[in-house]
Amino acid sequence: MSKADYYEVLGVSRDVSESELKTAYRKLAMKYHPDRNPGDHNAEERFKEASEAYGVLSDAEKRAAYDRYGHASTSAGFNGGSPFGDATDLGDIFGDLFGEMFGGGGQRRGSRVQRGEDLRYDITIEFEDAVFGKETEIKVRRRENCAACRGMGTSSGRGPSVCATCQGRGQLRYQQGFFSVARACNACGGSGTVITDPCATCRGETRVAREFKMNVKVPAGVEDGTRIRYSGEGEAGRFGGPRGDLYVVLTVRPHDFFERDGNDLHCVVPISFPQAALGAEIQIPGLDGEVTLRVPEGTQSGKEFRIREHGVPHLNERDRGDLVVEVMVQTPKKLSRTQRELVRQLADSMAVENKPASRNMLNKMKDLFS
């Protein structure tokens, strides 16, 4: 029976690029690999067929010969070589494939050196602390290198021994038909070394948990959810690995009446009708002391006033945002007899035609109260 065309086997066109060719083969290899299809003879044959096709088409010279002479070019007598092409190319493919299938088994001996884990510490601060900054002390529990074994994990302090199962290679090879499959060594987890005499203090873990104190500086102008990174303040690495980092995450409590929008502060202040009509100076409690707000004559309810440089400081800068004050004219719910008479006299002198108007007409109506 004649062989199928190599391009058809891989499902590619004859002008396929090298990267597209590699991608097409890798998909087929993942799909039909014997380890994923145990006992499936058809899958095994498809896997061999795809590997043979890729071995030829991935080699520039063999591909050119195949394009010219077809399957005759793949015979040993034609070029004196193997039908599977360049071993390095196939090694790269199978390294990627087996690394995905077996959790890195396609790699050589691993390393026990590990970077320490990152830590997170949550702090809740007051609204004012976020605005003006704060320094506080925290207590963090983290794993430190064991002093008894100096972080080596062994009672002798000499470190781990070479794994007897894989002879330090970190992997074991198994024969799958005419393919050799590499898998991570179960005895050492792929590191190539094992601890045969674990330290009595850390039990071979190389680290022990301890609590330490440190000062956290919260800069002025931080927002809710801000993360402050302290490099190298996380957990200790294993077998000489670097420390992880510590992330301090801030939660800011809401203020009683101030709301934050970027670096601006917003609040609503009630004023009386006489203050709105005649104008007034009122004192507003700010975050860093009282602020004077000048309400001009004829101010309408909902009017906003911006007081410069009384908001939140810009992070790591000297400038500050603004304080935005919205005034709301407050209507009294109860009036005395004298107040009622005075309001009635005012109403008689200020007739307003109560007709509906669009929103853009509201500004024109301000003239009625000026």
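For the numbers below, each heavy atom of this structure counts, side chains included, while hydrogens, waters and symmetry mates do not.
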[X]-[Y] side chain donor-acceptor pair, cut-off 3.5 Å:
X      : Y      : answer
Tyr7   : Asp67  : yes
Asp197 : Ser156 : yes
Thr292 : Gln283 : yes

### Query
Heavy-atom distance under 4.5 Å between the side chains of Val325 and Ile284, does that happen here?
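With C-beta onward as the side chain, the pair touches.
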### Message
Within the structure provided, determine whether Glu137 and Met214 are in side-chain contact (heavy-atom separation under 4.5 Å).
### Response
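Glu137 vs Met214: side chains apart.
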### Query
Under the criterion side-chain contact (heavy atoms from CB on, under 4.5 Å), which of Gln339, Arg340, Lys334 is the partner of Ser336?
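With Ser336 as partner, side-chain contact (heavy atoms from CB on, under 4.5 Å) holds for just one option, Gln339.
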With rounding to the nearest 0.5 angstrom, report the [atom1] to [atom2] distance, [X] to [Y].
X      : Y      : atom1 : atom2 : value
Asn186 : Arg183 : CG    : CZ    : 9.0 Å
Tyr121 : Glu233 : OH    : CD    : 14.0 Å
Ser301 : Ile271 : OG    : CD1   : 7.5 Å

### Query
Does the ring centre of Phe47 sit less than 6.0 Å away from the ring centre of Tyr32?
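No, too far apart.
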### Message
Can you confirm whether more than 12 heavy atoms, excluding those of Glu259, are under 6.0 Å from its CD atom?
### Response
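Atom CD in Glu259 is not crowded, with 12 or fewer foreign heavy atoms closer than 6.0 Å.
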### Query
Of all residues at least two apart in sequence or in a different chain, which pass the side-chain contact (heavy atoms from CB on, under 4.5 Å) check with Pro296?
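Pro296 satisfies side-chain contact (heavy atoms from CB on, under 4.5 Å) with Thr299, Phe305 once adjacent residues are dropped.
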### Query
Got a sec, which residues hit side-chain contact (heavy atoms from CB on, under 4.5 Å) with Arg227, two or more places apart in sequence or on another chain?
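Once residues adjacent in sequence are excluded, the partners of Arg227 under the side-chain contact (heavy atoms from CB on, under 4.5 Å) criterion are Tyr247, Val249.
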### Message
Using a strict threshold of under 4.0 Å (side-chain N to carboxylate O), is an ion pair present between Asp122 and Arg120?
### Response
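Salt bridge: yes.
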### Task
If the plane angle is over 60° it's perpendicular, under 30° parallel, otherwise tilted; pick one for Phe258 and His255.
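Because their plane-to-plane angle lies in the 30° to 60° range, the rings of Phe258 and His255 count as tilted.
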#### Entry: Full working for side chain to side chain contact (heavy atoms under 4.5 Å, CB included) between Arg320 and Arg308
CA-CA 8 Å; Arg320 295 178 63 172; Arg308 302 291 178 182; over 6 Å; no
### Task
List, by chain and number, the other hydrophobic cluster members for Met152, where Ile, Leu, Val, Met, Phe, Trp and Tyr join if side-chain heavy atoms come within less than 4.5 Å, directly or indirectly.
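Hydrophobic cluster check, Met152: no partners found.
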